[in-house]
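Heads up: the structure comes next, in structure tokens.
Values in this document were obtained by computation on a predicted structure and should not be read as measured data.
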Amino acid sequence: MPTAPRTTPPPRPSLTERRKAETQLEIARTAAALFAERGAAVTADEIARTSGVALRTFYRYFRTKEDAVVPLLANGVRQWIDDLATPPAGPDALPVREVLERAARRALTPADEPAAEALRWTRGLLRAMPGDPALRALWHRVHHDSEEALRPVLARLTGAHPSAARLAAAAANTAMRVAVEEWAAGDAAPDGPQGPAELVVRTMRALTAGLPELDGAYGMKERDSEENPAGHGGGEGAAAGGRSR
């Protein structure tokens, strides 16, 4: 199945856009810490004051107090998908399944203390969700968007039929969500044998076991498309030409 042509990287965001994103992420960190500490009792005014911004500024960036944590959650999702879309180093092409597991493990392995703190905030958010339905709906919305973003990446890497790519994206995304939720329900450290990184590998293997599309080499379909841009068209043309003679 032909894969989509590669596109040029998007232009670098302007300085104003980068500053806006940094401000939103800082507010998101503050909101997550407050939700983790106080649950649904947190107010938008409290988030704004603790972040050092006016309430009017807060509402310019976010529609509700729950929306304030979206940049923090979405940032981790974006890094995972970007990592998956980046070819792994080394001459040997690994199976897509293995690349997927490695990217998931890296995404949930805290590289430093801020990353570990972000996971602890996520645990606090998940524990606050039973008392805040809007926060739970936001969590599922972020993962729905993650699944949508993952579908074209897996379709390009595997060359699978759209329905198969959709199923693979749903399985991989669910593995990430379930691993984090299971970890957050306990008291294990962000790293270690009971951390989310170890849980996601086991969950990923269980949920993707019946997907043979993931057994092919990473990017193999993309390379085939580049090496044979005409696909099967040339052969069909030749055969048609032979019949016409």
In plain terms, say whether Asp132 and Arg136 are close enough for a salt bridge, that is, a side-chain N and a carboxylate O under 4.0 Å apart.
no

Looking at Arg102 and Glu98, is any side-chain nitrogen of the basic one under 4.0 Å from a carboxylate oxygen of the acidic one?
yes

Among the clusters formed by ILVMFWY side chains lying less than 4.5 Å apart, do [X] and [Y] turn up in the same one?
X      : Y      : answer
Tyr61  : Leu135 : yes
Leu108 : Val153 : yes
Leu94  : Leu211 : yes
Phe58  : Leu25  : no
Leu72  : Phe35  : no

How close do [X] and [Y] get, counting heavy atoms only, and between which atoms?
X      : Y      : result
Ser51  : Ile47  : OG-O, 2.7 Å
Ala40  : Gly131 : CB-O, 3.6 Å
Pro190 : Pro196 : O-CD, 3.2 Å
Pro130 : Leu126 : CD-O, 3.6 Å

In terms of heavy-atom contacts, does [atom1] of [X] have more than 12 from other residues, nucleotides or ligands at under 6.0 Å?
X      : atom1 : value
His144 : NE2   : no
Arg141 : CZ    : yes
Glu182 : CD    : no
Arg49  : CZ    : yes

Do [X] and [Y] make a side-chain contact, defined as non-hydrogen atoms from C-beta onward lying under 4.5 Å apart?
X      : Y      : value
Leu100 : Leu214 : yes
Leu138 : Leu73  : yes
Lys65  : Thr43  : no
Asp83  : Gln79  : no
Val200 : Trp183 : no
Leu119 : Arg123 : no
Asp191 : Thr109 : no

Assess the residue pair Glu117 and Arg120 against the criterion (salt bridge (Lys or Arg N to Asp or Glu O under 4.0 Å)); give the C-alpha distance rounded to whole Å, side-chain angles, the decisive distance to 0.1 Å, and a yes or no.
CA-CA 5 Å; Glu117 187 174 37; Arg120 288 192 288 269; 5.5 Å; no

Show your working on side-chain contact (heavy atoms from CB on, under 4.5 Å) between Val69 and Trp121 and close with a plain yes or no.
CA-CA 10 Å; Val69 303; Trp121 287 337; over 6 Å; no

Worked verdict on Arg97 versus Arg205 for side-chain contact (heavy atoms from CB on, under 4.5 Å)
CA-CA 9 Å; Arg97 186 185 306 280; Arg205 289 176 181 174; 6.0 Å; no

Got a second to check how far [X]'s [atom1] is from [Y]'s [atom2], nearest 0.5 Å?
X      : Y      : atom1 : atom2 : result
Met129 : Glu66  : CE    : CD    : 10.0 Å
Leu199 : Met204 : CG    : CE    : 12.0 Å
Leu167 : Thr208 : CG    : OG1   : 10.0 Å
Leu150 : Leu154 : CG    : CG    : 4.0 Å
Thr50  : Glu26  : OG1   : CD    : 11.0 Å
Glu213 : Leu157 : CD    : CG    : 13.0 Å

Verify, without hydrogens or angle tests, whether Arg166 (side chain) and Arg151 (backbone) share a donor-acceptor contact under 3.5 angstrom.
no

Please report the C-alpha distance between Val180 and Thr122 in whole Å, then the side-chain angles of each, then the deciding distance to 0.1 Å, and finally whether the side-chain contact (heavy atoms from CB on, under 4.5 Å) criterion is met.
CA-CA 8 Å; Val180 174; Thr122 301; 3.9 Å; yes

Relative to the ring of Trp139, is the ring of His143 parallel (under 30°), tilted (30 to 60°) or perpendicular (over 60°)?
perpendicular

